[in-house]
Amino acid sequence: MNIVSKSPSAPGRPAARTAIVAAIIFIVAHVVLLLGITAPDKLYFDEVHYVPAARQILLPVREGPILNPMHPPLAKEIIALSIKAFGDGPLGWRYPAALFGALALVGVYLGGLALFASQQRAIAAVLLAFFNQMLFVQSRIAMLDIFALAFGLFAIAAFVHGFGQKRPQSAFALAGLFAGLATACKWSGLFVLATCIAIVAAIRLMQGWRTRFADANAEDWYRPELWPDFRVPHFIVCFVLIPAAAYLATFVPLYGLSFTDIIEAQRRILADNTTAAIAGHTYMSSWPSWPFLVRPIWYLFEKVGDDRFAAIVFLGNPLVLWPALIALIIALRDWIVGRGRDAFLVLAFYLGPYLAWALLPRTLGFIYYYLPAATTASFVLVYALTRKGAPRWLLWAFVAVGCAGFVAMLPVTAAVIETSMATFNRLMLFQGWI
């Protein structure tokens with residue numbers, strides 16, 4: 001179903017329908033993600049870093065040094081607001097994660113519409129992003145990643161929306177704003193911004209070389225006539241000034257308007273995130289292994305009764321994320337051979353946030369860094385499953401398989417469900433998963 005109305009008398013209908021569907025996705029996801037979110041009723045895994053930092057923000061007078069200075073403050077400020085509203089307990093700690101997990105799925109929906117101009121394909125992308133297991137787990141823990149992911153997905157949706165427009169300034173400005181907010185949650189949000197900048201720079205470079213395809217068509221990822229009115233000042237405003245302003249504004253609640261303190265905070269973040277770490281963490285893994293789900297992270301595993309365990313593993317749904325690797329090959333082939341616009345964009349926003357980790361001088365990595373790429377892999381899957389010639393039922397059959405895998409993994413992804421050793425042993429297919 002094409003989202004572009006063919007009836008000139010009803011131009012508002014597609015926008016209204018998009019808003020209604022987005023609202024439904026948000027409400028349903030919000031409710032589902034909140035189910036059992038207060039289990040466990042104590043801090044677990046990296047909540048021990050971020051919740052105390054959020055509590056400190058609420059103090060009328062800060063005592064001691066700023067906690068968790070290695071990350072920007074926006075996500076912790078949002079958690080602090082939740083603690084103030086819902087109390088200093090499991091709901092107060094984790095409610096914002098569920099809220100932004102639901103918003104992340106709305107971002108997937110809007111990105112899917114911008115990419116595929118199809119309600120069905122966009123909704124399928126939402127379901128695959130939810131069923132990949134990673135988003136679900138990160139939406140139920142007070143960590144920073146889900147906040148950066150949600151803002152990053154809105155940035156991607158805005159950028160893709162503007163990509164094919166003659167005047168993309170407004171859409172690109174929105175992309176810059178959301179990318180700046182993603183970066184204000186965690187510096188890995190920069191990867192989406194860097195991907196947008198790389199795309200624009202590559203296209204402008206080819207236009208400067210007066211590159212033309214001999215058999216050019218409207219589906220090419222590059223066209224010489226793209227963005228005729230998008231100038232260097234527009235680029236600077238959209239991808240430098242707006243992101244920087246949004247990012248720096250989030251430091252004001254902590255540091256006021258002290259330029260010196262804000263700059264010192266950036267120096268500390270840079271030092272903490274670029275220093276090569278010493279290897280040796282139990283759950284560490286390297287970036288080449290993440291797509292293969294080699295080394296998961298056990299956020300929680302504790303006995304709660306006779307042969308009953310509360311367990312939360314950050315692994316990823318193999319029935320979704322392993323086939324995504326095949327879909328990536330298909331998209332890569334279509335981009336190289338067919339110059340497809342959709343193939344180019346789904347590849348860019350998967351590979352950009354993923355391969356950026358290869359450039360960082362850190363030896364300490366974890367599979368949850370793969371969350372943004374794993375989420376945008378849903379776009380790659382939808383692209384590959386709905387190529388010309390693919391049977392119409394294939395996409396929804398794959399969604400059903402992904403759902404089955406997600407349900408099967410619930411005993412080790414939601415602590416409230418609990419699990420037994422028999423179920424645990426059945427689900428842990430490889431020794432490296434334990």
Looking only at heavy atoms, the pair that brings Val51 and Ala142 closest together is CG2-CB, 3.9 Å
Ring centroid separation for Phe301 and Phe424, is it under 6.0 angstrom? yes
Which heavy-atom pair separates Val401 from Leu319 by the least distance, and what is that distance? O-CD1, 3.7 Å
Applying side-chain contact (heavy atoms from CB on, under 4.5 Å) to Leu174 and Ser170, what does each step give before you reach the verdict? CA-CA 6 Å; Leu174 268 180; Ser170 296; over 6 Å; no
Going through the distances and angles, do Phe116 and Thr386 end up as a side-chain contact (heavy atoms from CB on, under 4.5 Å)? CA-CA 10 Å; Phe116 306 121; Thr386 56; 5.5 Å; no
Looking only at heavy atoms, which two atoms of Ile37 and Ser139 are closest? And how far apart? CD1-O, 4.0 Å
Ignoring hydrogens and angles, tell me if any N or O in the side chain of Thr413 forms a donor-acceptor pair with the backbone of Met409 under 3.5 Å. yes
Ring centres under 6.0 Å, that's the criterion: do His30 and Tyr95 meet it? yes
Approximate separation, where rounding is to 0.5 Å, of Leu91 CG and Ser82 OG: 6.5 Å
Let's go through Glu47 and Tyr299 carefully: what are the C-alpha distance in whole Å and the side-chain angles of both, what is the deciding distance for side chain to side chain donor-acceptor pair (under 3.5 Å) to 0.1 Å, and is it a yes or a no? CA-CA 10 Å; Glu47 287 184 335; Tyr299 285 177; over 6 Å; no
Taking the side chain as every heavy atom from C-beta outward, state whether Glu302 and Lys42 have any atom pair closer than 4.5 Å. yes
Within the 4.5 Å heavy-atom criterion, are Met134 and Leu321 side-chain neighbours or not? yes
How long is the gap from OG on Ser286 to OH on Tyr369, to the nearest 0.5 Å? 12.5 Å
Sub-4.5 Å side-chain heavy-atom contact between Leu103 and Phe151: no
Tell me which pairs pass salt bridge (charged side-chain N to carboxylate O under 4.0 Å, His left out) where either residue lies in residues 163-188, with sequence neighbours left out. Asp145-Lys186, Arg167-Asp229
Is the Phe344 to Tyr222 ring centre distance short of 6.0 Å? no
Just checking Phe191 against Tyr354, ring centres under 6.0 Å apart? no
Using a 3.5 Å distance criterion without hydrogens, assess whether the side chain of Thr419 forms a donor-acceptor pair with backbone atoms of Phe309. no
Side chains of Asp88 and Trp93: is there a donor and an acceptor less than 3.5 Å apart? yes
Leu385 side, atom CG; Leu395 side, atom CG - distance, nearest 0.5 Å: 5.5 Å
Are Phe379 and Phe349 near enough that their ring centres are under 6.0 Å apart? no
Going through the checks in order, is the side-chain contact (heavy atoms from CB on, under 4.5 Å) test met by Thr260 and Ile263? CA-CA 5 Å; Thr260 302; Ile263 294 301; over 6 Å; no
Could you measure the distance from the CD1 atom of Ile141 to the CD1 atom of Ile312? Nearest 0.5 Å is fine. 6.5 Å
Asp46 (side chain) donor-acceptor with Met143 (main chain) under 3.5 angstrom: no
Exercise: identify the closest heavy-atom pair between Gln133 and Gly316: OE1-N, 2.6 Å
What's the verdict on side-chain contact (heavy atoms from CB on, under 4.5 Å) for Phe430 and Val294, showing C-alpha distance, side-chain angles and the deciding distance? CA-CA 9 Å; Phe430 305 101; Val294 172; over 6 Å; no
Kindly say whether the aromatic ring centers of Phe366 and Phe314 come within a distance under 6.0 Å. no
Trp287 side chain near Leu355 side chain, heavy-atom distance below 4.5 Å: yes
Judged by atom type as modelled, is there a donor-acceptor pair below 3.5 Å linking the side chain of Gln266 to the main-chain atoms of Leu248? no
Any sub-3.5 Å donor-acceptor pair from Arg140's side-chain atoms to Ala97's backbone N or O? no
Backbone of Pro372 reached by a side-chain donor or acceptor of Thr376 within 3.5 Å: yes
Quick check: does any side chain N or O of Lys76 sit under 3.5 Å from a backbone N or O of Asn68, one acting as donor and the other as acceptor? yes
Going by heavy atoms in the side chains, are Phe230 and Gln169 under 4.5 Å from each other? yes
Indicate the ring-plane relationship of Trp335 and Trp221, choosing parallel, tilted or perpendicular according to the 30° and 60° boundaries. perpendicular
Which atom names give the shortest non-hydrogen contact between Gln165 and Ala171, and what distance separates them? OE1-CB, 4.4 Å
Determine whether more than 12 heavy atoms belonging to other residues, nucleotides or ligands lie under 6.0 Å from atom CG of Leu257. no
Do the non-hydrogen side-chain atoms of Pro411 and Glu418 ever get within less than 4.5 Å of each other? no
Within this structure, what is the CG-CG distance for the pair Leu328 and Leu381, rounded to the nearest 0.5 Å? 8.0 Å
Any side-chain heavy atom of Phe130 sitting closer than 4.5 Å to one from Leu33? yes
Nearest heavy atoms of Leu105 and Ala129, plus distance in Å: CD2-CB, 4.1 Å
Quick one: are Tyr255 and Glu264 in side-chain contact, heavy atoms under 4.5 Å? no
Could you grab the distance from atom CG of Asp261 to atom CD1 of Ile66, nearest 0.5 Å is fine? 8.0 Å
So, for Phe251 and Tyr247, is the gap between ring centers shorter than 6.0 Å? yes
More than 12 heavy atoms of other residues, nucleotides or ligands under 6.0 Å from NE2 of His71: yes or no? yes
With under 30° as parallel and over 60° as perpendicular, where do the rings of Phe406 and Phe136 fit, or are they tilted in between? perpendicular
Do the rings of Trp227 and Phe163 sit parallel, tilted or perpendicular, given the 30° and 60° boundaries? perpendicular
N/O donor-acceptor pair under 3.5 Å between Trp433 side chain and Leu293 backbone: yes
